[in-house]
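Note sheet for the following structure.
A, B, ... follow the sequence lines: proteins, then strands. Residue 1 opens every chain. Please read all numbers here as calculations on a predicted model, not as lab measurements.
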Amino acid sequence: RKEVEQDPGPFNVPEGATVAFNCTYSNSASQSFFWYRQDCRKEPKLLMSVYSSGNEDGRFTAQLNRASQYISLLIRDSKLSDSATYLCVVRVILSGSARQLTFGSGTQLTVLP
Amino acid sequence: DVKVTQSSRYLVKRTGEKVFLECVQDMDHENMFWYRQDPGLGLRLIYFSYDVKMKEKGDIPEGYSVSREKKERFSLILESASTNQTSMYLCASSLGETARGFFGPGTRLTVL
């Protein structure tokens, strides 16, 4: 079983739609959670951190359920520019200052005009 | 702003060649990572390092080694390149107490 699992998609949605991505992680020692965005032929970049209380950044809302080991990302009023691959990322603190980032394989989103 | 640079954007090598991929970050980050990214498989961790001369195996270390002699530089070595190592290689770094990972632009390696 993969440590971080995501639905690969693709998700094809019309402009203005609301779309939700889910992610599950298997390591209960995971301590921090993130969503990254990767555009075609570019490197991944941090979209937002995910906090237990849930957090919002404009049209983006991230949720974490530690009991179910589940993370979600909701995009409201989707724009053409939201088309990208969204990567769920989990951080585990191993020891001292050793941190391991584990990435899901990504969910591909295409927003259609 | 943090900058992570990789020595080459594109590289073509022959089977059996020794390949060095270099990564340099300029923000004094403790943690550095090497990933490979393949279609349908996502980003897979090869090796990471949390301090100079320290290294830990990731999920797919076979066929690779790493070197971290200086804090800012993390090298990935393919001792004898094989065609199944054709991939996009991404280096990342992060500060110890915050987990935001900064990625380099990637090296697309083709092994013929």
Practice prompt. Return yes when atom CZ of A/R59 has more than 12 non-hydrogen atoms of other residues, nucleotides or ligands closer than 6.0 Å, and no otherwise.
Written response: yes
Worksheet, complete the sentence: Bottom line for A/Q38: the part with an atom under 4.5 Å from chain B's heavy atoms is side chain
Worksheet entry | Residues in side chain to side chain donor-acceptor pair (under 3.5 Å) contact with B/E62, at least two apart in sequence or another chain | none
Worksheet item: Hey, are the side chains of B/F102 and A/L46 touching, using non-hydrogen atoms and a 4.5 Å cut-off?
Response: no
Discussion item. Quick check on B/K71: does its NZ atom have over 12 non-hydrogen neighbours (other residues, nucleotides or ligands) under 6.0 Å away?
Written reply: yes
Worksheet item: With side chains defined as the heavy atoms from C-beta onward, is the minimum distance between B/L43 and A/L87 less than 4.5 Å?
Response: yes
Fill in: Heavy-atom pair count under 4.5 Å with chain B, highest-scoring of A/S49, A/S105, A/G106
A/S105
Item to complete: In sequence, state the C-alpha distance, the side-chain angles, and the governing distance for A/E3 and B/D59, and then conclude on side-chain contact (heavy atoms from CB on, under 4.5 Å).
Response: CA-CA 10 Å; A/E3 282 198 46; B/D59 300 319; 4.2 Å; yes
Practice prompt. Keeping to residues at least two apart or across chains, list the salt bridge (Lys or Arg N to Asp or Glu O under 4.0 Å) pairs with something in residues 73-94 of chain B.
Written response: B/K18-B/E79, B/E22-B/R73
Worksheet, complete the sentence: Rounding to 0.5 Å, atoms OG1 (A/T85) and CD (B/Q37) come to a distance of 8.0 Å
Item to complete: State yes or no: do B/L11 and B/V111 share one hydrophobic cluster built from I, L, V, M, F, W and Y residues joined by side-chain heavy-atom distances below 4.5 Å, directly or via other members?
Response: yes
Discussion item. Please classify the contact between A/P44 and chain B as side chain, backbone, both or neither, with a heavy-atom cut-off of under 4.5 Å.
Written reply: both
Discussion item. Measuring from atom CZ of A/R91 to atom CG of B/N31, what distance do you get when rounded to the nearest 0.5 angstrom?
Written reply: 8.5 Å
Worksheet item: Hey, what do you get for CZ (A/R41) to CZ (B/R108), rounding to the nearest 0.5 Å?
Response: 6.5 Å
Item to complete: Report whether A/L74 and A/M48 are members of the same hydrophobic cluster (ILVMFWY, side-chain heavy atoms less than 4.5 Å apart, transitive linking).
Response: no
Worksheet item: Quick check: are there more than 12 heavy atoms from other residues, nucleotides or ligands sitting under 6.0 Å from OH of A/Y51?
Response: no
Item to complete: For ring-ring contact (aromatic ring centres under 6.0 Å, His included), just list the numbers for B/F103 and A/F103, CA-CA rounded to whole Å, side-chain angles, deciding distance to a tenth of an Å, and then say yes or no.
Response: CA-CA 13 Å; B/F103 279 84; A/F103 285 73; 5.5 Å; yes
